[in-house]
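Report on the following structure.
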Amino acid sequence: MLSVRVQGWVCFVVLSLLNFLSIQEALSQAPPTQLPGHNALLMGADWYPEQWPEERWEIDLRMMEAAHLDVTRIAEFAWSRMEPSEGHFDFAWLERAIRQAEKHHIAVVLGTPTAAPPAWLTERYPEVLRVDSNGQRVTHGNRAQGSVTSVKYRELCHRIAEEMAKRFGHDPNVVGWQLDNEYGYGMMSYNDEGRRQFQEWLKGKYKTLDALNAHWTTAYWSQTYDNWDEIPIPVGEHNPGLMLDWQRFVTFAWATYQQNQIDAIRAHAEPRQFITGNLMGYGFAAFDHYVMARPLTFVAWDDYVGAGHLDPDTNGISHDTMRGLKRENIWVIETQPGSVNWSNLNNSLDKGEVRAMAWHGIGHGADEVSYWQWRSALNGQEEIHGTLVGPDGQPVPLLEEVAQTAKEFADLQETFRDTLVVSQVALLNDYDSRWAIDWQKHTEKYDQFAILKSYYHALRKIAQSIDIVSPDVALDQYKLVVAPDLYLIPKDRAEHLAAYLQNGGHLVLGPRSGLKDEFNALLPIRQPGYLAEPLGGQVEQFYALEKAFPVSGSLGDGEVSVWAERLKTTLSDAEVLLRYGRSNGWLDGQAAVLTRRYGRGRITYIGGVLDDKLMQAAAEWMTKSSQVTPVFGSVPDGIEVSRRLGPNGPVFVLINWRAGKQTVTLPGSMKSLLEQKEVTQIELPQYGVAVLSDRAKP
Ligand code: GLA
């Protein structure tokens, strides 16, 4: 009989091999974002030919081709041009635009126009217009005014998408489809039709009102429902169980709205044509993006900085979250050509920053970057948004930088073929938890994004590559998994995470973890709920803090602020890594951070929001104790490294986001692909980009 130790070792080797094989398998398949017959990296612009006389199209397309752009998204808001009156379709102009683009070697993505219904439609069927939470029906003339739950609207959306697909589903120059536009920002219609569907959805989920009443604890404040028809759409503060289910219904409504168009297109389009949607990064959380992303060929998103300048952590978190939705490469189907028009300060990105932003996207797993938009309409709500071409039809100064970047993409595209971002560290993102915390923040200072970013910043500095994924996916490929504040840990999720620990992973839970179940109800066990047993410890009490308090221990000295939890060990082999100093009396001398070996792995609980220095020390400890290694090697602060891994080895993108020139000594001799020379050291000015390949390193 093999000893337990040997068995454990054999198991570890087998699992490591399986991880290695699954990464190898992923690397051996072409990512769906890289289209057969096209460059592996693409650059494009979103173009609205319906806004311009046809004679102009040729000039625009010639200019796009000269700027090395190879893809354009069109038709996205052109419903009134494609269906000028009900049931009468005119696609001849679109066909001509697609053919002209083809002549200039520009592939076309067709947008379905369902974010902008024509006036005849909303006039004839006013019930398709959304009703806002004040009971007001929105008026025509903006966009996203369709009601996601309107049966009539879905029927009309299906018809236009289907007619488009019948006409262009086999078009050789149409490479794919984008559905709707930003899915109406997840806005809902607060009308009877929507409410009835919500009640039906609840019926499907709970089957009996007794089950619903029990899970929502409706005995509280006399909320008990005797009839499904009584259940309201929550507006403002409401029962947390009802609110979470409403939010899930919002996801269901948009996912089925999306599926309605996918079905219409898929029935007529060749499988080679992809279907995607333009999502909106980490910060937009009106629906559960994991659900929305499931039926898409790949994820595309709209990457805007708005006011100020690109912060590589903030933007990196969005890229990594979007890449994590399907754990696959992405497209940036819209990005900022210098400035936007919708922020409090629509400053331009600096010279060089737009190029750096495009390469930053590639480093984080994008295979396409498109500017919104090519040329602005002469009138309309967005007439002074940034563009690549001015109202006079001549290039704006930025076009030269975009053209240079597009040329670089084209020159280096083969290097990026079949390459993926492969990380040893994952951060967990859970929409249910995010909503639930935000509804009951307990302190207005509790900023989930800031907390996530503090972990991201500290860990990325060390690991140089981070995935952001759902807690419910397979995690065994990661050496370290960090959940900054995973509020909802129902039993099955806890079992899944415990299995990750058993298999040798290191799970780090931040404050507020495991307080609630899947109904947004408090668990009748102390935090972190079902994971308290593996931890060998638990949360005694949580405290919203008025001010920062000292902590110290083997991770160093520093402060916690905003939130602190008093922890206690329940098993003797749980270790205390930090303790609170003199604070509010309740916390004085109590444990702030616990860790314990469990299975072949380790579980750690961090009970407070750590200051930056302490977070860095905690990240050093977490990565060291999990054998996480940097993907590149040491670089000066302000230099961002990203790595993509492919069958020919790694390719690195290095960007200097700091003012002033910085020198980077490379871990060995590498090829600088933008300069086409071997280097051991590089100098990067602010926004400078280096793309390096290292064939020696697998
Ligand atoms: C969004 C939309 C675009 C346009 C841009 C402007 O991303 O998808 O249609 O309005 O914003 O920044």
Side-chain angles (χ1 to χ4, degrees), residues 1-23 327 423-428 430 455 459 463 466-467 469-486 488-511 513-515 517 523 525-539 554-555 567-578 591 593-607 618-629:
M1 244 242 321
L2 289 174
S3 75
V4 173
R5 218 176 149 157
V6 172
Q7 278 177 31
W9 188 82
V10 169
C11 219
F12 173 77
V13 171
V14 170
L15 282 166
S16 306
L17 190 67
L18 285 176
N19 273 343
F20 175 77
L21 291 176
S22 70
I23 291 169
R327 306 222 271 182
S423 310
Q424 299 172 13
V425 179
L427 287 167
L428 301 184
D430 175 46
Y455 280 96
L459 288 165
I466 303 266
D467 286 356
V469 298
S470 153
D472 304 320
V473 296
L475 296 169
D476 287 342
Q477 74 189 71
Y478 301 112
K479 293 179 174 173
L480 173 65
V481 169
V482 180
D485 47 10
L486 192 59
L488 268 61
I489 309 189
K491 197 156 196 199
D492 53 349
R493 180 173 281 173
E495 283 166 4
H496 169 67
L497 295 172
Y500 167 70
L501 301 172
Q502 289 285 4
N503 292 341
H506 183 180
L507 173 68
V508 177
L509 297 170
S513 292
L515 186 75
D517 71 7
L523 282 166
I525 12 172
R526 292 286 173 87
Q527 282 170 261
Y530 301 108
L531 290 174
E533 208 183 303
L535 179 66
Q538 66 183 37
V539 175
S554 59
L555 297 182
L567 310 182
K568 96 163 186 202
T569 55
T570 50
L571 293 174
S572 58
D573 57 347
E575 266 176 83
V576 178
L577 297 183
L578 284 180
V593 176
L594 297 183
T595 189
R596 179 172 179 251
R597 285 187 173 284
Y598 180 78
R600 282 185 309 284
R602 173 177 289 283
I603 177 166
T604 299
Y605 194 100
I606 300 181
E620 298 282 351
W621 174 81
M622 286 180 231
T623 47
K624 211 166 174 189
S625 58
S626 320
Q627 287 92 45
V628 170
T629 47

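FYI, side chains are in, hydrogens and waters are out, and symmetry mates aren't considered; it's all heavy atoms of this structure.
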Q. Out of curiosity, D485 CG to Y455 OH, how far, rounded to the nearest 0.5 Å?
A. 8.5 Å
Q. Is the backbone of Y478 close enough, under 3.5 Å, to the side chain of Y500 for a donor and an acceptor to pair up by distance?
A. yes
Q: Check salt bridge (Lys or Arg N to Asp or Glu O under 4.0 Å) between R602 and all other residues, then give those that pass, not counting sequence neighbours.
A: none
Q) So, the side chain of Q527 versus the backbone of G514: is there a donor-acceptor pair under 3.5 Å, distance only? A) no
(Q) Just so I know, are the side chains of V482 and M622 near enough to count as touching, which here means a heavy-atom distance under 4.5 Å? (A) yes
Q.
Is it the case that the side chains of T570 and Q538 hold a donor-acceptor pair, with the cut-off being a distance below 3.5 Å and no angle test?
A. no
Q.
Tell me every residue that passes side-chain hydrogen bond (donor to acceptor under 3.5 Å, both in side chains) with S625, counting only those two or more places apart in sequence or in another chain.
A. none
**Q.** Distance-minimising heavy-atom pair for G607 and P511
**A.** O-CB, 3.9 Å
Q. Less than 4.5 Å apart, any side-chain heavy atom of L535 and any of L509?
A. no
Q. Minimum heavy-atom separation for G536 to A574, with atom names?
A. O-CB, 3.4 Å
Q. Passes side chain to side chain contact (heavy atoms under 4.5 Å, CB included), L428 versus V469? Steps please.
A. CA-CA 5 Å; L428 301 184; V469 298; 3.9 Å; yes
Q: Of all the heavy-atom pairs spanning S513 and G510, show the shortest one and how long it is.
A: OG-O, 2.6 Å
(Q) Could you work out, with side-chain contact (heavy atoms from CB on, under 4.5 Å) as the rule, every residue matching L577, not counting sequence neighbours? (A) S554, L555, E575, V593, T595, W621
Q. By salt bridge (Lys or Arg N to Asp or Glu O under 4.0 Å), which residues pair with D467, not counting sequence neighbours?
A. R323
Q. Do L480 and Q424 have side chains that get closer than 4.5 Å, going by heavy atoms?
A. no
Q. Roughly how far, to the nearest 0.5 Å, is the CG atom of L531 from the CD1 atom of I489?
A. 5.0 Å
Q.
With side chain to side chain contact (heavy atoms under 4.5 Å, CB included) as the criterion, how do L475 and L507 come out once you've worked through the C-alpha distance, each side chain's angles and the decisive distance to 0.1 Å?
A. CA-CA 10 Å; L475 296 169; L507 173 68; over 6 Å; no
Q | Donor-acceptor under 3.5 Å (K479 side chain, S626 main chain) | A | no
Q. Do R327 and Q477 pass the side chain to side chain contact (heavy atoms under 4.5 Å, CB included) test, and can you show the C-alpha distance, the side-chain angles, and the key distance before you say yes or no?
A. CA-CA 12 Å; R327 306 222 271 182; Q477 74 189 71; 3.6 Å; yes
Q | Test side-chain contact (heavy atoms from CB on, under 4.5 Å) applied to E533 - qualifying residues, sequence neighbours left out | A | none
Q. In Å and rounded to the nearest 0.5 Å, what is the NE2 to CD1 distance from H506 to I603?
A. 8.5 Å
Can I get a per-line list of side-chain donor-acceptor pairs under 3.5 Å for residues 490-499, giving both atom names and the distance, sequence neighbours left out?
unit_1 : atom_1 : unit_2 : atom_2 : d
R493   : NE     : D472   : OD1    : 2.9
R493   : NH1    : D430   : OD2    : 3.0
R493   : NH1    : L488   : O      : 2.8
R493   : NH2    : D430   : OD1    : 3.2
R493   : NH2    : D472   : OD2    : 2.9
H496   : NE2    : P471   : O      : 3.1
H496   : NE2    : V473   : O      : 2.8

Q: Kindly indicate, with the supporting measurements, whether the criterion side chain to side chain contact (heavy atoms under 4.5 Å, CB included) is fulfilled by Y530 and L523.
A: CA-CA 9 Å; Y530 301 108; L523 282 166; 3.7 Å; yes
